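These notes concern the structure reproduced below.
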Amino acid sequence: MAQDFKALVKAKVDSQRHQLGELSLKIHSHPEPGFQEHKASKWLTQYLEANGFAVEKGICQLATAFRASYGNSRPSIAILAEYDALPQLGHACGHNLIATSAVAAAVASKPAIDHLGGTVIVLGTPAEELYGGKIIMAQRGAFKDIDIAMIAHPSTHDTATAKALACISLEVEFFGQEAHAAAHPEEGINALEAMIQSFIAINSLRQHIKDRARIHGVITDGGQVANVVPAHSAASFLVRSPDEAYLEELKENVLNCFIGAATATGASLEYRWGEVQYAPMRNNLTMAQLFINNMSSLGREVQLENANQSFGSTDMGNVSQLVPSIHPSVAIAPTGASIHSPKFAEAAASEAGIQGMIDAAKAMAMTVVDLLTSSENVDQVKKEFAENLS
Ligand SMILES: [Zn+2]
Ligand SMILES: [Zn+2]
């Protein structure tokens, strides 16, 4: 039975190929940064409404978020759509392809929902890049009635699991005392020196932190002119760790670097940790294997893990802590055309990009079929998730 429905969902994606390609290119040529994705959100919900989905716009008090559902029984399977672009670089993370593959997979799943029950939901999740839109949506209850979630991200390799670090931002400022740098240096308190000391202390700390933890920052204010002792300095940092417990430890260590510099220089410190904290990705291997099998039937060899895979952080990590999730990578560009580069932005509008989006849509819709045709699959997915929690 599963095979019959898989043939149906593939045929449905193929029948929409032209429209999906156009939608994807339209979003690509109108890049909108986080929380400003009004056009993308409108075009995606129009497509879903035209295909019989019940659409709620502006959910979770976020203007560009949406929820589009089809069906009204469990399990409820969410396919997540990202559609934010990067300032200056446009769709250099290929979120136009993520969005289109999500709506394509959901629409293609309709015949399976009609015959087997269950619900497929497209969750439009804005501002992945800078603001962790899914974290805010999770805090506001968007995943409460979701059983399983998936999203497919374009990449330079085909890999079913993702590595993502826990991450939090830190804004720091030092306040000192202005003085003539030559005539009365003894009257000054140097806020820039406090910042430099902080960077040096963090460099020392970095030698002794765990593998895969990351601390990196930039100075956003280091004073204005050379002949005035800088009375203000500011920096923006990210602290990342493979797990959340170690992130807590690192946060304390990093903060101590700034406190130490404040003590040494006499400058006063103010700091703010980011309101959203990215969680590491918990990959559901049962789902990952279903996705691999489905991609393989399309002629794409997908690895379960990729030893050379780079890792950043994603708000899908937070979703994966709440419900069983996958975040596979789908190759659309050669190695070397790294995401967040102009080359990758080009790939996101290329024929290979469209093909990757089509394959991702088919494999996600087929994975929905696997879940709807076999309660054992759903049980196994949930069992694995529960075991990993304990
Ligand atoms: Zn990105
Ligand atoms: Zn991305």
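What you see below is based on every heavy atom in this structure, not just the backbone, and it leaves out hydrogens, waters and symmetry mates. Everything numeric here is computed off the predicted structure, so don't read it as measured data.
Of all heavy-atom pairs between V122 and A106, the closest is CG2-CB, 3.3 Å. In terms of heavy-atom proximity, L298 sits nearest to A363 at CD1-N, 4.1 Å. Nearest heavy atoms, A152 versus A360: CB-CB, 3.8 Å. When every heavy atom of C93 is checked against every heavy atom of I339, the shortest pair comes out as SG-CD1, 4.0 Å. When all heavy atoms are compared, the tightest approach of V9 to A108 is CG1-O, 3.1 Å.
Transitive grouping of hydrophobic side chains (ILVMFWY, heavy atoms separated by less than 4.5 Å) brings M316 and V323 into a common cluster. Taking hydrophobic clusters as Ile, Leu, Val, Met, Phe, Trp and Tyr residues chained together by side-chain heavy-atom distances below 4.5 Å, L89 does not share a cluster with L130. Cluster membership check: I215 shares its hydrophobic cluster with I219, using side-chain heavy-atom separations under 4.5 Å among Ile, Leu, Val, Met, Phe, Trp and Tyr. When the side chains of ILVMFWY residues are joined at heavy-atom separations under 4.5 Å, either directly or via intervening members, I98 and L44 end up in two distinct hydrophobic clusters. Using a 4.5 Å cut-off between side-chain heavy atoms of Ile, Leu, Val, Met, Phe, Trp and Tyr, with links allowed through other members, V107 and I354 fall into the same hydrophobic cluster.
The CG atom of D158 lies 8.0 Å from the CZ atom of F291; values are rounded to the nearest 0.5 Å. The structure places CG of L116 at 5.5 Å from CG of L372, a figure rounded to the nearest 0.5 Å. A distance of 11.0 Å separates CG of N377 from CD of Q289, quoted to the nearest 0.5 Å. In this structure, CD1 on I146 lies 10.5 Å from CG on L322, to the nearest 0.5 angstrom. Annotation: the span from M150 atom CE to T367 atom OG1 amounts to 5.5 Å, rounded to 0.5 Å. The NE2 atom of H327 sits 12.5 Å away from the CE atom of M287 when rounded to the nearest 0.5 Å.
Partners of N203 according to the side chain to side chain contact (heavy atoms under 4.5 Å, CB included) rule, which considers only residues two or more places apart in sequence or in another chain, are R206. Judged as a side chain to side chain contact (heavy atoms under 4.5 Å, CB included), and not counting sequence neighbours, the contacts of S236 are E171, V218, T220. Scored by the salt bridge (Lys or Arg N to Asp or Glu O under 4.0 Å) test, K6 finds D370 as partners (sequence neighbours excluded). Under the side chain to side chain contact (heavy atoms under 4.5 Å, CB included) criterion, E244 pairs with A166, Q277, A279, P280, sequence neighbours left out. For the side chain to side chain contact (heavy atoms under 4.5 Å, CB included) test, residues two or more places apart in sequence or in another chain that qualify with I189 are Q177, A267. Among residues two or more places apart in sequence or in another chain, the ring-ring contact (aromatic ring centres under 6.0 Å, His included) test is passed with Y70 by F53.
Between the side chains of N256 and E252, no donor-acceptor pair of N or O atoms lies under 3.5 Å. Checked by atom type, the side-chain pair E193/T265 shows no donor-acceptor distance below 3.5 Å.
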Scan the side chains in residues 328-338 for donor-acceptor partners under 3.5 Å anywhere in the protein, sequence neighbours excluded, and list what turns up.
none

Give the table of side-chain donor-acceptor pairs shorter than 3.5 Å for residues 54-69, with sequence neighbours excluded, one pair per line with atom names and distance.
| unit_1 | atom_1 | unit_2 | atom_2 | d |
| --- | --- | --- | --- | --- |
| T64 | OG1 | E37 | OE1 | 2.8 |
| R67 | NH1 | D145 | OD1 | 3.4 |
| R67 | NH2 | D145 | OD2 | 3.2 |

side-chain contact (heavy atoms from CB on, under 4.5 Å) evaluation trace for L290 with L371: CA-CA 9 Å; L290 295 173; L371 296 167; 4.2 Å; yes
Verdict with supporting geometry, K134 and I151, side-chain contact (heavy atoms from CB on, under 4.5 Å): CA-CA 12 Å; K134 294 181 200 63; I151 187 169; 4.3 Å; yes
Trace of the side-chain contact (heavy atoms from CB on, under 4.5 Å) decision for D221 with M195: CA-CA 10 Å; D221 181 15; M195 191 59 80; over 6 Å; no
side-chain contact (heavy atoms from CB on, under 4.5 Å) between V172 and S198, intermediate numbers included: CA-CA 10 Å; V172 290; S198 305; over 6 Å; no
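The side-chain heavy atoms of H232 and F175, taken from C-beta on, include a pair separated by under 4.5 Å. The shortest distance between side-chain heavy atoms of I209 and L250 falls below 4.5 Å.
Under the 3.5 Å distance criterion, the side-chain polar atoms of S350 are matched with a main-chain donor or acceptor of G353. Proximity of a side-chain donor or acceptor of N283 to a complementary backbone N or O of L285 within less than 3.5 Å is not detected. A donor-acceptor pair is defined here as one N or O able to donate and one able to accept, closer than 3.5 Å; no such pair exists between the side chain of H180 and the backbone of E187. Checking side-chain atoms of S73 against main-chain N and O of G118 turns up a donor-acceptor pair under 3.5 Å. A distance-only check finds no donor-acceptor pair linking the side chain of E128 to the backbone of E82 [under 3.5 Å]. With T159 contributing its side chain and T161 its backbone, the two residues share no donor-acceptor pair below 3.5 Å. Of the possible polar contacts, none joining the S320 side chain to the S325 backbone as a donor-acceptor pair under 3.5 Å is found. The main-chain N or O of N306 is found under 3.5 Å from a side-chain atom of K163 such that the two form a donor-acceptor pair. Remark: the backbone N or O of A349 is not paired with any side-chain donor or acceptor of N96 at under 3.5 angstrom. Under the 3.5 Å distance criterion, the side-chain polar atoms of S41 are left unmatched by any main-chain donor or acceptor of H38.
Proximity of the aromatic rings of F35 and Y131 is defined here by a centroid distance below 6.0 angstrom, and this criterion is met. The six-membered or imidazole ring of H216 lies away from that of F237, with a centre-to-centre distance of 6.0 Å or more.
Residue pairs that meet the salt bridge (charged side-chain N to carboxylate O under 4.0 Å, His left out) test with at least one member in residues 8-31, sequence neighbours left out, are D14-K362, R17-E351. Screening residues 44-53 for side chain to side chain donor-acceptor pair (under 3.5 Å), with sequence neighbours left out, gives Q16-Y47. The salt bridge (charged side-chain N to carboxylate O under 4.0 Å, His left out) pairs that include a residue from residues 264-286 are E173-R272, where partners are two or more places apart or lie in different chains. Each side chain to side chain donor-acceptor pair (under 3.5 Å) pair with one or both residues in residues 98-109, not counting sequence neighbours, would appear here, but there are none.
Within 6.0 Å of CD on Q88 lie no more than 12 heavy atoms contributed by other residues, nucleotides or ligands. Atom CD of Q321 sits in a crowded spot, with more than 12 heavy atoms from other residues, nucleotides or ligands closer than 6.0 Å. Around NE2 of H340, the count of heavy atoms belonging to other residues, nucleotides or ligands within 6.0 Å exceeds 12. Annotation for F199: atom CZ counts as buried by contact number, over 12 foreign heavy atoms lying within 6.0 Å.
For the pair E248 and K251, the salt-bridge criterion is met [side-chain N within less than 4.0 Å of a carboxylate O].
Ring planes of H30 and W43: perpendicular class, angle over 60° (limits at 30 and 60°). Taking the six-membered ring for Trp and thresholds of 30 and 60 degrees, H95 and H153 have ring planes more than 60 degrees apart, a perpendicular arrangement.
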